[in-house]
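Beneath this line is the structure, given in structure tokens, with notes to follow.
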Amino acid sequence: MLRVRFAPSPTGFLHVGSARTFIFNWLYARHNRGTMVLRLDDTDVERNTEASMNSIFEGLRWLGLGWDEEYKQSERPALHRQIAHAIFQKGLAYRDFTPAHAGDSEKSGANQTWLFNPGMRELSRVESDRRASAGEPFALRFRVPRGTGDEIRFTDAVYGAQAKSADDIEDFALLRSDGMPTYHLASCADDIDLRISHIIRGQDHLSNTFKHVMIFEGAGAKPPQFAHLPLLVAPDGSKLSKRRHGPVVSVTTYRDAGFLPEAFINFLCLLGWSPKDNRENMTQQELIDAFSLEGINRANAVVNFKEPAATPEETFDPKALWLNAEHIRALPVEDLSSCLLPIVHEAGFEITVEKMLAITPLIRERIKLLRDVLTAADFFFVGQLPPYDPAELIPQKGDAAMALKVLTGAREILAQTEFKHDPLDQALRAAAQQMGIKAGQMFQPIRVAVCGRKNAPPLFETLAVLGRDTTLERIDEAIEKLQQLGN
RNA sequence: GGCGCUAUCGUCUAGGGGUUAGGACGGAAGAUUCUCAAUCUUCAAACCCGGGUUCGAUUCCCGGUAGCGCUACCA
């Protein structure tokens with residue numbers, strides 16, 4: 001039975017890199033009809049926060065993929081200690097009574113290769129037991145083979161055969177002096193207990209894997225299959241961090257900006273993985289069907305956002321935006337409409353379900369983000385149009401007089417024409433012909449009068465949705481503006 | 001410093017001992033259209049450097065360089 005897990009530690013919001021790791025695990029599980037386990041790796045009591053936990057669940061819920069089993073590492077300390085004890089009993093670990101080095105972890109300093117603390121490895125069992133029972137605090141360290149020429153090996157599904165000399169691996173800690181398990185121990189112990197068959201995680205763990213293999217073997221368990229994912233990095237190649245790169249690294253930013261979860265998932269899948277058949281815009285089912293570990297590549301992938309993002313558009317990778325637009329266009333009108341309605345309501349506009357349903361097809365091909373509905377369809381929502389430059393009313397190769405003539409003419413026609421696409425089309429085109437002007441010259445003043453700007457959805461559909469009353473009102477206002485302009 | 005990983009258009013990638021090195025996003029130009037968008041067409045744009053192996057390397061090997069990761073009683 002195939003079992004994979006996603007094991008975030010709740011020390012921050014849900015990161016896009018973590019989201020991708022989750023997605024790859026999920027895809028692999030679903031492709032193979034396996035089990036997806038969510039495990040909160042919360043052994044670092046100091047840094048765990050409730051807020052972070054909520055942010056992770058919030059992000060995962062938005063992705064909408066779900067999982068089959070859920071565990072909390074902090075609820076399983078007995079298991080961790082039991083595995084540590086078993087390793088200790090085999091002589092594969094020893095007590096280290098050296099006090100913890102507080103601020104010693106800084107990257108500065110001599111940068112010497114540290115392998116173990118002197119004297120502790122060789123401590124006799126009798127002596128070690130005596131000091132332990134005297135209450136002296138200790139960390140439990142793995143006794144990595146020294147001078148034996150041993151090589152630790154494993155085969156990574158992405159990076160291939162890996163080997164490292166044991167002489168290059170330090171005696172890493174299993175238990176801290178407060179008795180709490182370290183990440184390495186807790187993670188492996190849980191992976192053993194939960195019978196995880198495939199560990200799919202970020203490449204930052206590739207070098208840790210040698211230690212993990214030793215723990216698995218030390219505990220008498222067969223190591224699972226490992227698959228490491230290339231990292232997601234910023235345009236300058238540095239790793240994504242909230243401090244340096246701001247909200248672009250948080251999943252909720254994408255949600256709040258109006259990404260469709262399926263588009264976001266699609267985008268993340270394309271970072272470091274390829275179906276190898278030139279497909280990019282894919283449905284969830286297509287992703288499940290196509291996903292395989294063989295399609296994962298090894299080089300870090302850049303999330304291509306602009307470092308100082310001037311506009312919301314620049315905040316995101318252009319490809320993410322494009323994919324989102326593609327997914328928006330692929331959505332049935334009813335579905336898209338119900339995604340849009342809450343956003344419109346939240347912005348304070350009272351719009352009915354029916355009205356939104358009528359507006360949606362008009363803006364569907366004009367928005368990249370769901371939130372764009374607020375700028376693309378604004379004139380449908382407001383009673384009073386925001387002020388605009390009356391000069392906009394003047395058509396190409398025309399003047400204010402022409403604009404005025406068009407609008408007064410249009411007013412008359414619109415007062416009696418049926419407010420549907422075809423009748424409006426015929427009536428207004430006929431009027432243009434009669435006035436001896438181009439259709440475009442006829443339509444622009446009306447469009448600006450009614451929408452408050454030059455760029456808007458097609459005119460007749462817009463008028464039909466807007467209705468006769470609003471249309472005539474706005475044309476009257478425009479005529480007034482033009483007359484004032486003349487004076 | 002030590003150890004490990006990586007290197008194809010600006011970005012995501014396909015490919016692979018002999019190719020016009022393919023696709024996509026983004027960019028440019030054009031078509032279409034009542035504007036915008038969508039759509040369609042076209043164009044520009046890449047194999048990190050140096051050795052070796054070979055008839056032939058972007059592809060295989062070695063070295064360099066650069067980037068990234070690990071080097072905590074963080075995860």
Side-chain angles (χ1 to χ4, degrees), chain A residues 7-11 41-44 46-48 96 98-102 104-107 109-115 137-141 156 159 162-165 167-170 172-184 186-187 202-211 228 230-231 233 235-239 267 270-281 297-304 317-323 325 329 363-368 376 395-396 425 428-429 432 438-444 446-448 451 453-460:
Chain A
S9 52
T11 55
D41 278 11
D42 55 351
T43 50
D44 187 0
E46 304 280 300
R47 291 178 24 184
N48 293 331
D96 183 347
T98 314
H101 297 211
D104 212 26
S105 57
E106 296 310 314
K107 300 265 195 273
N111 267 339
Q112 294 280 326
T113 308
W114 174 90
L115 290 177
F138 61 88
L140 192 71
R141 289 189 183 281
D156 189 89
Y159 289 90
Q162 304 291 317
K164 187 169 183 169
S165 165
D167 292 325
D168 290 325
I169 301 171
E170 76 282 3
F172 55 94
L174 261 19
L175 293 176
R176 304 180 221 178
S177 45
D178 62 2
M180 287 296 286
T182 61
Y183 159 75
H184 299 301
S187 175
Q203 191 240 50
D204 46 343
H205 284 299
L206 189 61
S207 8
N208 285 333
T209 305
F210 297 102
K211 295 172 190 168
H228 287 88
L231 263 23
V233 297
D236 68 354
S238 66
K239 77 170 189 180
F267 168 65
L270 264 19
L271 257 24
W273 173 81
S274 161
K276 300 191 188 289
D277 57 9
N278 284 344
R279 277 185 300 167
E280 298 209 307
N281 181 359
N297 72 350
R298 289 173 288 275
N300 290 172
V302 171
V303 181
N304 195 16
D317 191 310
K319 199 156 209 164
L321 252 10
W322 169 75
L323 272 171
R329 289 192 285 267
I363 57 163
R364 200 205 333 217
E365 284 168 358
R366 278 163 256 268
I367 59 175
K368 287 193 161 103
Q396 288 277 305
D425 188 337
L428 290 173
R429 275 183 205 281
K438 288 189 175 171
Q441 293 175 309
M442 179 82 197
F443 300 156
Q444 189 193 317
I446 305 175
R447 173 179 297 111
V448 174
C451 301
R453 60 181 136 86
K454 285 183 184 169
N455 298 344
L459 188 58
F460 313 125

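Keep in mind that the numbers below use all heavy atoms, side chains included, and drop hydrogens, waters and symmetry copies. Every chain is numbered from 1, with letters handed out A, B, ... down the list of sequences. Keep in mind it's a predicted model, so treat the numbers as computed, not measured.
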Specify the residue among A:Ala7 and A:Trp322 whose closest nucleotide of RNA chain B lies further upstream toward the 5′ end.
A:Trp322

Nearest-nucleotide comparison on RNA chain B, the residue closer to the 5′ end among A:Asp41 and A:Gly237
A:Gly237

Out of [options], whichever nucleotide has its closest atom nearest the side chain of [X]:
X        : options             : answer
A:Leu231 : B:G26, B:A75, B:G69 : B:G69
A:Thr113 : B:C34, B:G2, B:C73  : B:G2
A:Lys164 : B:A14, B:C3, B:A75  : B:C3
A:Arg447 : B:U11, B:C34, B:G15 : B:C34
A:Ala173 : B:U6, B:U71, B:C73  : B:C73
A:Lys239 : B:G4, B:G69, B:G2   : B:G69
A:Arg141 : B:A75, B:U11, B:C73 : B:C73
A:Phe443 : B:C25, B:A75, B:C34 : B:C34
A:Arg329 : B:U39, B:C34, B:A72 : B:U39
A:Leu206 : B:G4, B:U11, B:A14  : B:G4

Contact class for [X] vs. all strands (heavy atom < 4.0 Å): base, sugar-phosphate, or nothing?
X        : answer
A:Ala456 : base
A:Asn281 : nothing
A:Glu280 : base
A:Gly272 : sugar-phosphate
A:Pro458 : base
A:Ser177 : base
A:Pro230 : nothing
A:Phe138 : nothing
A:Pro99  : base
A:Asn300 : sugar-phosphate
A:Ser165 : nothing
A:Leu271 : sugar-phosphate
A:His205 : base
A:Gln441 : nothing

[N] versus [M] - spacing of their [atom1] atoms, nearest Å:
N     : M     : atom1 : result
B:U59 : B:G15 : C1'   : 9 Å
B:C43 : B:U6  : C1'   : 33 Å
B:G23 : B:A45 : P     : 14 Å
B:A7  : B:C12 : P     : 12 Å
B:C48 : B:G22 : P     : 16 Å
B:C25 : B:A14 : C1'   : 15 Å
B:A46 : B:C9  : C1'   : 4 Å
B:U20 : B:A44 : C1'   : 16 Å

Could you check whether the side chain of [X] and the base of [N] have a donor-acceptor pair of N or O atoms closer than 3.5 Å, going by distance alone?
X        : N     : answer
A:Ser207 : B:C70 : no
A:Lys319 : B:A24 : yes
A:Arg298 : B:C5  : no

Heavy-atom pair with the smallest gap, counting every atom of [X] and [Y]:
X        : Y        : value
A:Leu270 : A:Glu280 : CD2-O, 3.6 Å
A:Thr43  : A:Ala186 : CG2-CB, 3.8 Å
A:Arg364 : A:Arg329 : NH1-O, 3.3 Å
A:Gly272 : A:Ala301 : N-CB, 4.3 Å
A:Pro318 : A:Asn304 : CD-O, 3.4 Å
A:Phe460 : A:Asp425 : CE1-CG, 3.6 Å

Should the pair A:Asp317-A:Lys319 be classified as a salt bridge under the 4.0 Å nitrogen-to-oxygen rule?
no

Any Lys/Arg nitrogen of A:Lys211 or A:Glu170 sitting under 4.0 Å from an Asp/Glu carboxylate oxygen of the other?
yes

Across nucleotides 43-49 of chain B, 5' to 3', mark each nucleotide with B, S or - according to how protein heavy atoms within less than 4.0 Å reach it.
-------

Please state how far atom [atom1] in [X] lies from atom [atom2] in [N], giving the value in whole angstrom units.
X        : N     : atom1 : atom2 : value
A:Gln396 : B:U35 : CD    : C1'   : 9 Å
A:Gln444 : B:U33 : CD    : C1'   : 15 Å
A:Asp178 : B:A72 : CG    : P     : 18 Å
A:Leu115 : B:C73 : CG    : P     : 13 Å
A:Lys454 : B:U35 : NZ    : P     : 13 Å

Checking A:Gln203 now: which residues fulfil side-chain hydrogen bond (donor to acceptor under 3.5 Å, both in side chains) with it, not counting sequence neighbours?
A:Tyr159

Those residues at least two apart in sequence (or on a different chain) that pass side-chain hydrogen bond (donor to acceptor under 3.5 Å, both in side chains) with A:Asp42 are A:Ser74

A:Phe172 ring center near A:Phe210 ring center (under 6.0 Å):
no

Please determine if a side-chain N or O atom of [X] lies less than 4.0 Å away from the OP1 or OP2 oxygen of [N].
X        : N     : value
A:Lys276 : B:G15 : yes
A:Asn304 : B:C12 : no
A:Arg366 : B:U35 : no

